[in-house]
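What follows is a single structure, written as C-alpha cells, with notes after it.
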Amino acid sequence: MTRHLHKNTRFLSRFNTNITTIITKSASFTTITTTTTPWNTQLRDLSKHGQYYNALILYRQMLQFGATPNAFTFPFILKSSASLSLPTTGKQLHCHVIKLGCKSEPFVLTALMCMYCKCKLTEHAQKVFDEIPHRNLTVCYNALISGYVQNDKFLNGFCLFSEMRLRGVEFNAVTILGLVPGCTVPEHLWLGMCLHCLNVKCGLENDLAIANCLITMYVRCGLMELARRLFDHIPEKGLITWNAMISGYAQNGLAAEVLELYREMELLQVDPDAVTFVGVLSACANLGAQKIGFEVEQKIRSNCMWFNIFLKNALINMYARCGNLAKARIIFDEMPEKTLVSWTAIIGGYGMHGLGNTAVELFDKMIKTGIQPDGTVFVSVLSACSHAGLTKKGLNYLDLMKREYGLKPGTEHYSCVVDLLGRAGRLEEARKLIESMEVEPDGAVWGALLGACKIHKKVELAELAFNKVVELEPTNIGYYVLLSNIYTEANDSEGILRVRLMMRERKLKKDPGYSYFECKGKTHLFVAGDIGHPQTKDIYKMLNRLEDTVNEHGRADKNGQEVINQEPPNIMSVHSERLAIAFALLNTEIGTDILVIKNLRICGDCHSFVKRVSKTVDRLFVVRDATRFHHFRNGTCSCNDYW
DNA sequence: GTAGGGTTAG
C-alpha cells in the first residue's frame, strides 16, 4: 500500500501539472478505495458516455487514493485523452503503461496507437506497433491502418494492409472500413473499387457501414450512377445511407434527385436528421424551391434543431439564393454565434443581388469581429465587387488576401478580378493579370475576359480569349454563343459562320441549359424547346401572345438596336427561360413576383425579352443565373450587362 | 470488465 502510494505520488507530480490545465469543471466522486476494479468500472462508464474530462479527473483521483492502474484501466483513459486530442497527457499515460508493465497487452497497445493517431502522431503509433512482439492480431493492424488513413497517409495504410495479407493475418470488415475513406479521391478510386470487389468476395457486402463508406467514395469521385446502384441494392438502409446519397446528390449539383429521394424517405417514414436537412436545403437553394425550404425550416424548428449552426448556415444560403434576402438576413442577425460559413453565405447573397456595398461592409465587419477569412469568403467578396462595379475595392481585396492573410488566390479569385477589370473597360490590365497568374488559368478566367470583350466590343482580344477557352472547355456551348454574338454585333458574318461550323464539327447543338420555376411547392424544369410539360400547349400559346404584345412595343434592346433572331425558326430556339416565364405567368396570381432560375448565364436575347415582357406585364421578374440576380420591372433591369 | 468503423453547410 505505502509502496503504491509512493509510486503514484511520483506519477502524480508530473501528471498533475499537465492535467490541471485542462480541467474546466470539478467533479466529485465518492469512491475511496485502493482496489482497482471499482475505479475501472467508473472510468468505463464515463468514457462510454463521452465524459472525457471527468474520466481524466477520476484517473488523477485514482492515483491520489493509491489505487494502481492495470491493463483494464488504460484503454478507457487513453480513449479520453485521444478524444480530447491531448498528446502530452497521452504521452504521460504511455509512460505509466511502461512503468506498470502493461506494454505487452495487445489491447493497451492498440488503445495507445489509436490515441497517437487521434493526436496526429502517426510516427509514435508506428513505434508502438513495431514493438508489438507477435504482430498477428487483426485489431492492431486495423488501428494503425485507419490511423494512417485519417491522417491523410493513405499509402502507408495501404502498404500495411498488403503486409498484413502477406503475413497471412486475417482482415475483417473494420480493416476495409479503415481503408475505404482513403479512396475518396479519384487517384485512389481504383484501389477503392478493388476493395469493393474484395468486400463482395468475402461476403461482407451486407455490412451497412462499409456500404455507406463506398457510397461516399463513389459520390466524392462523381460516379453517381455507381453510388445509386449500390444504394438501391442495400435491403435495409440506415439513416446514414440515405444521408450519404442525399448529400452526394447535393454535392454533385443534382438538386432534383435530392428532393426526389427526400420525398421517398418521407413516404417510407424514415426520420430525417440535421444532415439530411443540410442536403435538402442545399438542393432547395439550387432550385429556388423556397416553399420546400420553408417547410424544412418549420420541421427544424419543431424538431428542436433550431440551434444547429450547420442548419442555420444552410437556411441563410437557401433564402439568399431563393431571392429572399430579408429572411436570410433575419436568420443571420439572430444567430448568437456566427461562423465563417455564415458570413460567407450572407456576403455571397448580397453580392448576387448586386448589393456590393452591403457585402463589402459585412466583410469588413467580419474582419473586425476577429474571424480569419479563407479563400471562399474572398470569392464571395470579390464577386460582389465585380457585380457592383467596385473595381478599386476588389483590387484592394485581392492584394489584402495575398499580403495580409497569406492566401494564394486560385483561378476562382482571378476570374472575379478579370471580370472586375473587364467590366471597367481595363481589358489590357485584365490580360496582363492573366499572364502574370501563379496558377494555370482555367476556362472561367478566359471566359471572364471573353465576356468583357463582348461588353466593350473588342473582337481581336475576344478571339484570343476564345481560342484559349475552347482549348480548356471544348464542350461549353456558352463560349461559342458568346463569340458568335460578338461577331453579330461587329457585323462579321464570316466569323459567325466559322463559329457555327466549329459547333457543328464538335456536335454541339443542344443547349444544355435548364430553367426552373417553383410553383405550389413543386419545381418545374424546362429545357430549350421543351415539349414534355403537361401544360406545353398553353405555355406556347402564352409565349406567342407575349411575343405579339412585346413586338407591338418594339423590339429594341438595351442599346436601342433592333434585335434580330439569327436562328431559323426552329423549336430549339425557344429558350428555357422563356418557357419558364410563360409557365409562371399561367400558374401564378397577378401581383406575385416571378423567380426563374437558369443554371447557366442568362443570354442577351432572353435578357431583352424579359425586359420587354416586364414593360407590358405588371410583375417583378427575377431571373437568377449561375452567378447573380437580374431584377426586371417596368422595362428596366437592375443589371444591364448580362455578361 | 479491455482495443479498431460510416453521413453534414458557404
Side-chain angles (χ1 to χ4, degrees), chain A residues 36-45 47-48 70-79 82 102 105-115 117-118 137-147 149-150 171-181 184 207-217 219-220 237-248 250-251 272-282 285 305 308-318 320-321 328 332 338-349 351-352 373-381:
Chain A
T36 308
T37 312
W39 292 97
N40 284 354
T41 314
Q42 281 204 52
L43 276 172
R44 184 193 59 197
D45 291 345
S47 137
K48 215 185 209 170
N70 64 15
F72 296 119
T73 317
F74 290 112
F76 304 128
I77 197 69
L78 282 167
K79 192 182 174 192
C102 297
E105 299 292 349
F107 38 86
V108 174
L109 295 175
T110 311
L112 265 174
M113 287 194 288
C114 188
M115 179 276 296
C117 289
K118 290 248 166 74
L137 275 172
T138 308
V139 275
C140 299
Y141 277 96
N142 288 354
L144 195 56
I145 287 174
S146 63
V149 171
Q150 276 159 26
F171 66 91
N172 60 16
V174 185
T175 323
I176 309 278
L177 213 42
L179 284 164
V180 176
T184 48
D207 190 304
L208 195 56
I210 297 181
N212 295 339
C213 244
L214 286 169
I215 290 177
T216 308
M217 176 186 82
V219 155
R220 297 247 169 99
K237 303 171 185 54
L239 179 57
I240 293 179
T241 321
W242 287 94
N243 286 348
M245 202 63 224
I246 284 185
S247 321
Q251 281 158 21
D273 70 351
V275 180
T276 324
F277 288 141
V278 166
V280 173
L281 286 172
S282 149
M305 293 185 197
N308 183 317
I309 217 156
F310 273 65
L311 286 173
K312 288 257 179 93
N313 292 342
L315 278 168
I316 294 171
N317 178 45
M318 185 274 293
R321 291 177 75 98
F332 176 80
K338 301 165 178 60
T339 65
L340 177 59
V341 179
S342 331
W343 288 95
T344 310
I346 196 79
I347 291 169
M352 284 182 100
D374 69 352
T376 316
V377 73
F378 271 107
V379 174
S380 286
V381 77

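In what follows, every chain begins at residue 1, and chains take the letters A, B, ... in the order their sequences are listed.
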Check your understanding: Are OP1 or OP2 of B:dT8 and a side-chain N or O of A:R220 less than 4.0 angstrom apart?
Key -> yes

Out of B:dG4, B:dG6, B:dT8, minimum distance to the side chain of A:S247 belongs to B:dT8

(request) May I ask you to say what A:R321 touches in the nucleic acid, namely base, sugar-phosphate or nothing, with a heavy-atom cut-off under 4.0 Å? (result) nothing

### Message
For B:dT8 and A:Q251 - does any side-chain N or O of the residue sit under 4.0 Å from the phosphate oxygens OP1/OP2?
### Response
yes

Side chain to side chain contact (heavy atoms under 4.5 Å, CB included) filter on A:F332, not counting sequence neighbours, yields A:I316, A:R329, A:K338, A:S342, A:W343, A:I346, A:L362

Between the base of B:dG5 and the side chain of A:N142, is there any donor-acceptor pair under 3.5 Å?
-> no

- Without swapping roles, check the side chain of A:N212 against the backbone of A:I215 for a donor-acceptor pair under 3.5 Å. no

Of the listed B:dA9, B:dG4, B:dG1, the closest approach to the A:F310 side chain comes from B:dA9

Taking B:dT7, B:dG10, B:dG4 as options, the one with an atom nearest any side-chain atom of A:N317 is B:dG10

Taken in chain and number order and not counting sequence neighbours, the residues that satisfy side chain to side chain contact (heavy atoms under 4.5 Å, CB included) with A:P373 are A:F363, A:M366, A:I367, A:V377, A:F378, A:Y405

Among B:dG5, B:dT8, B:dG6, the one nearest any side-chain atom of A:L177 is B:dG5

A:T110 has its side chain closest, among B:dA3, B:dG5, B:dT7, to B:dA3

